[in-house]
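Data first, discussion second: the structure below is written as structure tokens.
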Amino acid sequence: MNSTQFEKIKAGRGFFAALDQSGGSTPKALAEYGIAEDRYSTDDEMFDLVHAMRTRVITSPAFDGSRVLAAILFEQTMERDIKGVPTAQYLWDSKNVVPFLKVDLGLAGEQDGVQLMKPIDTLDDLLERAQRHQIFGTKMRSVIKDANEAGIAAIVDQQFGYGSRIAAAGLVPILEPEVSINSPHKEQAETLLHDAIAKHVQALPEDTTIMLKVTIPSRPGLYGDLAADPRILRIVALSGGYSRDEACALLKHDPTLIASFSRALLEGLTEQQTDEQFNAQLESSVEQIYQASVNKAP
């Protein structure tokens with residue numbers, strides 16, 4: 001593990017850029033960027049377009065390690081180049097941004113008020129390639145729709161099961177059990193989630209390092225005790241369907257969390273913008289998310 005990257009993630013002031021839209025969410029991401037589905041007819045063409053979008057974001061002067069601590073990449077992005085350099089290497093060497101990799105393969109059907117991850121049967125191969133690309137850590141997402149204790153326990157069991165394998169391979173796993181912002185019992189679900197995570201963390205060996213990515217909780221500071229545990233490197237927050245303004249307003253009131261935004265980061269960016277317009281919009285977004293992550297409201 002890269003000790004410089006470790007310290008940056010642990011103590012750095014800034015936020016994570018989640019640039020990991022994959023097969024299912026790519027058409028929507030492209031549509032919001034101003035690229036309609038009639039612009040591509042194959043997956044290869046679609047992924048070429050989304051890589052061009054991500055390249056434009058990563059190479060922008062607004063995107064660098066002074067405010068962006070890390071970037072979470074889709075597998076195909078890791079395997080591609082930016083300016084002739086492998087993406088993860090470009091991020092760290094040129095931008096001082098720590099590279100992470102999304103490793104889940106999407107969501108299973110809903111059961112007990114949750115959606116577990118589909119089995120990650122490619123995990124060992126993915127971790128081997130991630131290490132070759134000098135990836136620091138991983139991320140995997142599951143979704144909680146309601147306050148069902150059995151369902152939430154199953155989510156947390158699965159996340160920690162895969163997380164232990166990832167940590168044993170020398171990478172830092174980000175466990176992402178997202179609570180839907182539309183859950184009819186969101187606060188109750190978050191309390192159940194917190195308690196289930198706390199039990200698992202207590203059982204971790206003292207030399208294990210993990211991270212959490214959570215929905216901004218209805219009760220600010222809910223995860224403060226977990227953030228203080230030395231086995232948890234950092235806790236980041238997803239935007240979860242909120243607009244950037246909404247997500248930043250909520251995040252500013254939570255003393256524990258920094259952002260790991262995807263759609264909210266890219267909001268307002270389009271292919272049709274000139275580079276000057278694009279960079280100005282990204283600068284505004286980066287600064288807004290940075291301020292919500294590091295300058296907390298009392």
Side-chain angles (χ1 to χ4, degrees), residues 8-18 20 66-72 98 100 137 139-147 152 155-156 159 163 172-201 209-267 284-298:
K8 185 177 181 79
I9 298 301
K10 181 180 180 181
R13 287 169 59 83
F15 68 93
F16 283 38
D20 58 338
S66 65
R67 292 173 296 183
V68 181
L69 300 177
I72 304 169
V98 180
F100 282 73
K139 191 215 77 165
M140 49 193 172
R141 170 179 174 262
S142 36
V143 176
I144 296 165
K145 301 278 185 73
D146 207 353
I152 290 171
I155 284 250
V156 175
Q159 285 277 353
V172 176
I174 302 176
L175 316 184
E176 184 185 5
E178 174 182 347
V179 176
S180 170
I181 63 171
N182 300 312
S183 170
H185 308 101
K186 178 175 178 283
E187 187 169 357
Q188 186 183 349
E190 287 166 343
T191 300
L192 288 169
L193 175 62
H194 167 278
D195 294 349
I197 291 171
K199 282 182 189 168
H200 275 271
V201 170
T209 301
I210 65 166
M211 290 181 58
L212 299 173
K213 180 168 176 173
V214 296
T215 306
I216 303 168
S218 297
R219 184 158 63 82
L222 174 66
Y223 298 103
D225 60 325
L226 295 173
D229 191 291
R231 289 163 289 199
I232 296 185
L233 183 60
R234 202 84 192 242
I235 304 182
V236 299
L238 54 107
S239 50
Y242 292 122
S243 70
R244 182 171 57 248
D245 286 348
E246 290 173 314
C248 287
L250 291 168
L251 183 65
K252 203 168 182 63
H253 290 280
D254 196 298
T256 299
L257 306 177
I258 63 172
S260 175
F261 290 175
S262 174
R263 188 199 43 75
L265 171 64
L266 303 177
E267 186 183 309
S284 173
S285 303
V286 165
E287 182 61 17
Q288 183 182 5
I289 297 167
Y290 173 81
Q291 291 298 335
S293 294
V294 304
N295 288 324
K296 300 297 184 176

Pairwise distance CE(Met140) to CG(Asp20) - rounded to 0.5 angstrom: 13.5 Å
What is the distance from atom CD of Glu176 to atom CD1 of Ile155, rounded to the nearest 0.5 Å? 10.5 Å
Quick one, Leu193 and Pro217 - any side-chain contact, counting heavy atoms below 4.5 Å? no
Nearest atoms (heavy-atom pairs only) where Glu178 meets Gly240: OE2-CA, 4.2 Å
Using a 4.5 Å cut-off on heavy atoms from C-beta on, say whether the side chain of Ile210 contacts that of Ile232. yes
For Arg141 and Leu238, what are the C-alpha separation, side-chain angles and deciding distance, and is it a side-chain contact (heavy atoms from CB on, under 4.5 Å)? CA-CA 11 Å; Arg141 170 179 174 262; Leu238 54 107; over 6 Å; no
Which atom of Lys10 lies closest to which atom of Leu233, heavy atoms considered: CB-CD1, 3.5 Å
Is it true that a side-chain atom of Arg219 and a backbone atom of Glu187 form a donor plus acceptor pair closer than 3.5 Å? no
Which atom names give the shortest non-hydrogen contact between Arg13 and Tyr290, and what distance separates them? O-CE1, 3.5 Å
Going from CG on Asp146 to OG on Ser183, what distance comes out if it is rounded to the nearest 0.5 angstrom? 4.5 Å
Any non-hydrogen side-chain atom of Lys296 less than 4.5 Å from a side-chain atom of Thr256? no
What I'd like to find out is whether the side chain of Phe261 reaches to under 4.5 Å of the side chain of Leu251, using heavy atoms alone. yes
Distance check, rounded to the nearest 0.5 Å: Ile181 atom CD1 versus Ser218 atom OG? 10.5 Å
As a quick check of understanding, evaluate side-chain contact (heavy atoms from CB on, under 4.5 Å) for Leu175 and Lys213, giving each step before the final call. CA-CA 6 Å; Leu175 316 184; Lys213 180 168 176 173; over 6 Å; no
Examine distances only and state if a side-chain atom of Arg263 and a backbone atom of Tyr242 form a donor-acceptor pair shorter than 3.5 Å. yes
Taking it one step at a time, do Ser285 and Glu267 satisfy side-chain contact (heavy atoms from CB on, under 4.5 Å)? CA-CA 8 Å; Ser285 303; Glu267 186 183 309; 6.0 Å; no
Check Ile258 against Ser293 and note the closest heavy-atom contact, atom names and distance. CG2-O, 3.7 Å
Do Glu190 and Thr215 have a side chain donor and acceptor closer than 3.5 Å? no
With a 4.5 Å cut-off on side-chain heavy atoms, are Val294 and Phe15 touching? no
Would you call Arg234 and Leu69 a side-chain contact if the rule is heavy atoms closer than 4.5 Å? yes
Quick one: closest heavy-atom pair of Ala189 and Ile152, and the distance? O-CD1, 3.7 Å
Closest approach of Ser260 and Ile72, non-hydrogen atoms and distance? OG-CD1, 3.6 Å
Between Asp225 and His194, is there a side-chain heavy-atom distance shorter than 4.5 Å? yes
When rounded to the nearest 0.5 angstrom, what is the spacing between OG in Ser239 and CD1 in Ile216? 7.5 Å
Are side-chain heavy atoms of Phe16 and Val98 found at a separation under 4.5 Å? no
Pairwise distance CD(Gln291) to NZ(Lys252) - rounded to 0.5 angstrom: 6.0 Å
